[in-house]
Amino acid sequence: MFALLVDEDFDGNALTVIENVAEGYETSIQTLRVVDIAELGVGTSDRTILEFAAEHDLVVITQDRQTMPDSANQLMEEGLLMAGMIVVSRFSVTSAVAHAVIEKHLERERDDLGWHYQIEWL
């Protein structure tokens, strides 16, 4: 199962669309929101979120195009695991984002590339 860790700045309405679109592709996606996880919550640092994601093999999805990718790159420069990230523009259409997320997941699954150390920009 593909699992996303949803950053607190990500549009919550898009989650339902992503999950519904996944059904059409006959795949499933589990979404966990940072704000709903006791160890994380509102205001958690990017680094802590990324470390949690790596520990639990979750791909982070965010609309934070500034600090989150920089934090991911810093982890990788330090030789630490980065479980993967999808960075979405705030101006993207929700349904287009949902399809792109699913297609990226299926592409990585087919090619056996995995998500580790990957940052996808949508």
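The first residue in the sequence is number 1, and the count goes up from there.
Under the ring-ring contact (aromatic ring centres under 6.0 Å, His included) criterion, Tyr25 pairs with His99, not counting sequence neighbours. Residues that satisfy the side chain to side chain donor-acceptor pair (under 3.5 Å) test with Gln74, not counting sequence neighbours, are Glu78.
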Determine, stepwise, if the pair Ser89 / Gln63 fulfils side chain to side chain donor-acceptor pair (under 3.5 Å). CA-CA 6 Å; Ser89 169; Gln63 288 180 309; over 6 Å; no

Start with the C-alpha gap between Trp115 and Asp57, add the side-chain angles, then the distance that decides, and say whether side chain to side chain contact (heavy atoms under 4.5 Å, CB included) holds. CA-CA 9 Å; Trp115 279 95; Asp57 200 25; over 6 Å; no

Under the side chain to side chain contact (heavy atoms under 4.5 Å, CB included) rule, what do Val60 and Val6 come out as? Steps first, then yes or no, please. CA-CA 6 Å; Val60 173; Val6 183; over 6 Å; no

List the steps and the verdict of side chain to side chain contact (heavy atoms under 4.5 Å, CB included) for Asp46 and Asp70. CA-CA 9 Å; Asp46 293 347; Asp70 289 344; over 6 Å; no

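The distance from the OG atom of Ser71 to the CE atom of Met85 is 7.5 Å, given to the nearest 0.5 Å. Atom OG1 of residue Thr44 and atom CD of residue Glu39 lie 9.5 Å apart, to the nearest 0.5 angstrom. Atoms CZ and CE, on Phe10 and Met68 in that order, are 12.0 Å from each other to the nearest 0.5 Å. Interatomic distance, Glu55 CD to Leu50 CG, rounded to the nearest 0.5 Å: 13.0 Å. Atom-to-atom distance recorded for Ile37:CD1 and Phe52:CZ is 4.0 Å, nearest 0.5 angstrom. To the nearest 0.5 Å, atom CD1 of residue Ile49 and atom OG1 of residue Thr62 are 7.5 Å apart.
Cluster membership for Val101 and Leu32, using ILVMFWY side-chain heavy atoms within less than 4.5 angstrom, is not shared. When hydrophobic clusters are built by joining Ile, Leu, Val, Met, Phe, Trp and Tyr residues whose side-chain heavy atoms come closer than 4.5 Å, directly or via intermediates, Ile18 is grouped together with Ile86. Met82 and Val87 fall within the same hydrophobic cluster, where Ile, Leu, Val, Met, Phe, Trp and Tyr residues are linked whenever their side-chain heavy atoms come under 4.5 Å apart, directly or through other members. Side-chain heavy atoms closer than 4.5 Å link hydrophobic residues (I, L, V, M, F, W, Y) into clusters, and following such links, even through other members, never connects Leu75 to Ile61. In the hydrophobic cluster analysis, where Ile, Leu, Val, Met, Phe, Trp and Tyr join through side-chain heavy atoms closer than 4.5 angstrom, Leu40 is grouped apart from Leu15.
A pairwise comparison of heavy atoms in Arg65 and Leu122 identifies NH1-O, 3.5 Å as the closest pair. A pairwise comparison of heavy atoms in Ala83 and Ala53 identifies CB-O, 3.7 Å as the closest pair. In terms of heavy-atom proximity, Ala72 sits nearest to Ile119 at CB-CD1, 4.0 Å. In plain terms, the two heavy atoms of Leu81 and Ala54 that are nearest each other are O-CB, 3.6 Å.
For the 3.5 Å distance criterion, the side chains of Thr67 and Asp64 qualify, holding a donor opposite an acceptor.
Residues Thr27 and His105 meet the side-chain proximity criterion, which asks for heavy atoms closer than 4.5 Å. Val97 places none of its side-chain heavy atoms less than 4.5 Å from the side chain of Val17. The shortest side-chain heavy-atom distance between Phe2 and Ile102 does not fall under the 4.5 Å cut-off. Within the 4.5 Å cutoff, the side chain of Trp121 has no heavy atoms near those of the Val88 side chain. Proximity of Gln118 to Arg108: side-chain heavy atoms (C-beta onward) are separated by under 4.5 Å at one or more points.
Looking at Glu19, its side chain never comes within 3.5 Å of a backbone N or O of Gln30 through a donor-acceptor pair.
For the pair Asp7 and Arg33, the salt-bridge criterion is not met [side-chain N within less than 4.0 Å of a carboxylate O].
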